[in-house]
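To start, the structure itself, in structure tokens.
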Number of protein chains: 2
Amino acid sequence: MNFETTKDRIIYESLRLFAEKGFDGVSMREIAAAVGMKAASLYSHFKGKEAIYTSIVDTMKSRYNDEVMNLQIDGNDPSADVKVYEQISSEQLYGIGRELFVYFVHDEYTRMYRKMLTIGQFQNEMIAQEYSRQYYDEAITYQRQLFTMLAQMGNFKDADYEVMALHFYAPIYTMITICDRQPEREDEMLELLRKHIEQFVKVYVLKN
Amino acid sequence: MNFETTKDRIIYESLRLFAEKGFDGVSMREIAAAVGMKAASLYSHFKGKEAIYTSIVDTMKSRYNDEVMNLQIDGNDPSADVKVYEQISSEQLYGIGRELFVYFVHDEYTRMYRKMLTIGQFQNEMIAQEYSRQYYDEAITYQRQLFTMLAQMGNFKDADYEVMALHFYAPIYTMITICDRQPEREDEMLELLRKHIEQFVKVYVLKN
DNA sequence: GTCTATAAGAAGATAGAC
DNA sequence: GTCTATCTTCTTATAGAC
């Protein structure tokens with residue numbers, strides 16, 4: 001996120017407030033106060049409250065793509081990542097899982113954006129689809145493709161690789177939602193994450 | 001839920017509206033209209049809007065306990081349920097999973113209540129704890145105890161049974177949240193549920 | 001218990017000075 | 001671009017007739 005323009009600061013503060021209180025729970029006066037101006041001035045930058053919300057969604061979509069490219073793993077193209085994990089070990093798979101987990105839980109914008117979508121998902125069809133796409137379909141598709149390729153190299157037991165992706169990702173996703181609700185449980189979840197991946201490897205990886 | 005008293009009808013309609021629009025998104029006039037009265041009359045039954053919300057939470061807690069007792073499995077005391085699954089088979093484990101899934105997704109009140117907690121979890125510490133307790137801790141504890149007992153009977157491979165519970169439950173929980181957001185994907189999720197449990201059994205159950 | 005009427009305030013949004 | 005002032009509408013909640 002850039003903080004160069006006032007527009008960007010409005011987007012950031014609005015996201016922060018929407019993530020805590022929901023769209024309806026935040027007033028234009030509140031946003032203005034957080035930015036350090038009067039409510040009327042917001043209308044010089046955005047047509048209205050809904051325009052701010054739309055702008056947040058657009059900004060975060062492009063931000064997500066930028067960030068994902070900076071991770072060690074590509075995150076979008078598993079065929080580019082597969083070389084990294086050719087001789088997959090428990091350690092390495094823990095690497096993927098932990099990286100995924102820590103990024104999602106610690107990155108301020110990602111966390112706020114996910115909270116905002118979580119709150120808004122039942123009020124808006126578009127938000128619902130965006131949430132499922134980003135936090136389910138894309139994640140599962142990536143893992144499924146990665147596991148399929150690793151299996152062709154003879155690293156894994158024979159299995160349905162979509163289900164295998166689900167077995168890898170769903171526990172991690174579930175633990176992320178716990179940390180969103182109760183940040184004080186992060187250490188507990190990190191320990192459980194370690195056990196999860198250890199057991200996942202025992203159960204699915206042929207020899208390690 | 002009883003519909004005998006006006007109070008109960010107010011609770012039901014409020015829950016229905018809160019689940020769709022969130023607490024702040026619903027006005028007293030809206031609730032009153034849904035019940036079939038004027039907003040002022042609501043104050044003869046509840047002190048205010050927040051009192052309705054509190055009352056919903058209390059009502060749903062007791063309702064959940066009642067409902068769970070009516071399921072084939074006890075749902076709270078795995079030692080009472082373990083006899084049912086002594087000679088666990090893929091079919092039977094599919095039975096637990098599917099029952100869990102269908103109850104959570106189809107039961108109107110459970111679904112509305114879960115949506116309401118989902119929306120409210122970041123605004124209220126109590127709601128956050130209630131959500132985690134009901135949809136994570138209690139579910140995992142139950143499954144862990146069940147798997148531990150089944151393992152002592154020699155049905156399962158050696159494993160960490162908390163992680164095993166997570167591997168069983170987290171995919172189911174994740175699929176439930178998909179159906180909450182996108183009910184049109186229920187068939188897809190039911191098919192995935194079947195595959196999930198099939199593979200879970202292949203991976204964890206010794207002989208079947 | 002339900003109604004009408006209304007208080008008291010907060011909401012989103014706009015006009016126009018600077 | 002930001003401000004003050006204001007419009008209009010909506011909010012929760014109460015008073016008092018029936």
Side-chain angles (χ1 to χ4, degrees), chain A residues 1-59 112 115-117 119-120 122-127, chain B residues 1-59 112 115-116 119-120 122-124 126-127:
Chain A
M1 180 94 67
N2 265 328
F3 279 111
E4 283 162 28
T5 69
T6 307
K7 221 170 163 133
D8 289 328
R9 278 174 48 235
I10 295 171
I11 288 177
Y12 171 74
E13 294 296 341
S14 300
L15 171 57
R16 198 174 58 73
L17 289 165
F18 289 158
E20 291 302 314
K21 310 183 176 197
F23 183 80
D24 291 317
V26 180
S27 71
M28 292 295 271
R29 279 168 184 78
E30 218 171 341
I31 294 169
V35 176
M37 51 166 57
K38 297 292 175 184
S41 305
L42 293 172
Y43 293 87
S44 297
H45 302 276
F46 294 95
K47 204 190 163 192
K49 198 178 170 184
E50 214 162 296
I52 298 179
Y53 194 88
T54 310
S55 210
I56 289 174
V57 174
D58 292 343
T59 303
M112 294 192 304
K115 283 188 180 187
M116 195 188 76
L117 293 192
I119 294 174
F122 304 129
Q123 293 157 61
N124 184 315
E125 180 93 8
M126 203 193 71
I127 298 293
Chain B
M1 179 93 71
N2 265 327
F3 279 110
E4 284 160 28
T5 69
T6 307
K7 221 171 162 127
D8 289 327
R9 277 175 50 234
I10 294 171
I11 287 176
Y12 171 75
E13 294 297 342
S14 299
L15 171 58
R16 197 174 58 74
L17 289 164
F18 289 157
E20 290 304 313
K21 309 181 176 198
F23 184 79
D24 291 317
V26 180
S27 71
M28 292 294 269
R29 278 173 184 76
E30 220 170 339
I31 295 168
V35 176
M37 51 168 55
K38 296 294 175 183
S41 305
L42 293 172
Y43 292 86
S44 298
H45 302 276
F46 293 94
K47 202 190 162 194
K49 198 180 172 186
E50 214 163 295
I52 298 178
Y53 194 88
T54 309
S55 209
I56 288 173
V57 174
D58 292 343
T59 305
M112 295 193 302
K115 282 188 180 187
M116 196 187 75
I119 295 173
F122 304 129
Q123 291 157 66
N124 184 315
M126 202 193 70
I127 299 293

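Labels below follow one simple rule: chain letters A, B, ... track the order of the sequence lines, proteins then strands, and each chain is numbered from 1. This structure is a prediction, so every number in the text was calculated from the model and none was measured.
What separates CD of B/Glu30 from C1' of D/dT12 is a distance of 14 Å, to the nearest Å. In this structure, NZ of B/Lys38 is placed 16 Å from C1' of D/dC18, rounded to the nearest angstrom. As rounded to whole Å, 4 Å separates atom P of D/dT2 from atom NE2 of A/His45.
Picking from D/dT2, D/dT6, D/dT12 the nucleotide with the shortest atom distance to the side chain of B/Met28 gives D/dT12. With distances taken from any side-chain atom of A/Thr6 to the nucleotides C/dG12, D/dT2, D/dT12, the minimum falls on D/dT2.
Across all strands, B/Ser41 comes closer than 4.0 Å to base atoms (heavy-atom distances). Within 4.0 Å (heavy atoms only), B/Ser44 reaches at least one base atom of the nucleic acid. Using a 4.0 Å heavy-atom criterion, one finds that B/Val26 contacts the sugar-phosphate atoms exclusively.
Within the 4.0 Å cut-off from OP1 or OP2 of C/dA13, at least one side-chain nitrogen or oxygen of A/Tyr43 is found.
Summary of the strand contacts: A/Ala39 and A/Arg29 both lie near DNA chain D, and taking for each the nucleotide with the nearest heavy atom, the more 5' one is attributed to A/Ala39.
Between A/Tyr53 and A/Phe18, the ring-plane angle classifies as tilted under the 30° and 60° cut-offs.
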Using atom types as modelled, flag every donor-acceptor pair under 3.5 Å from a side chain in residues 25-48 of chain B to any protein atom, sequence neighbours excluded.
| residue | atom | partner | partner atom | Å |
| --- | --- | --- | --- | --- |
| B/Ser27 | OG | B/Glu30 | N | 3.1 |
| B/Glu30 | OE1 | B/Ser27 | N | 3.4 |
| B/Glu30 | OE2 | B/Lys21 | NZ | 2.4 |

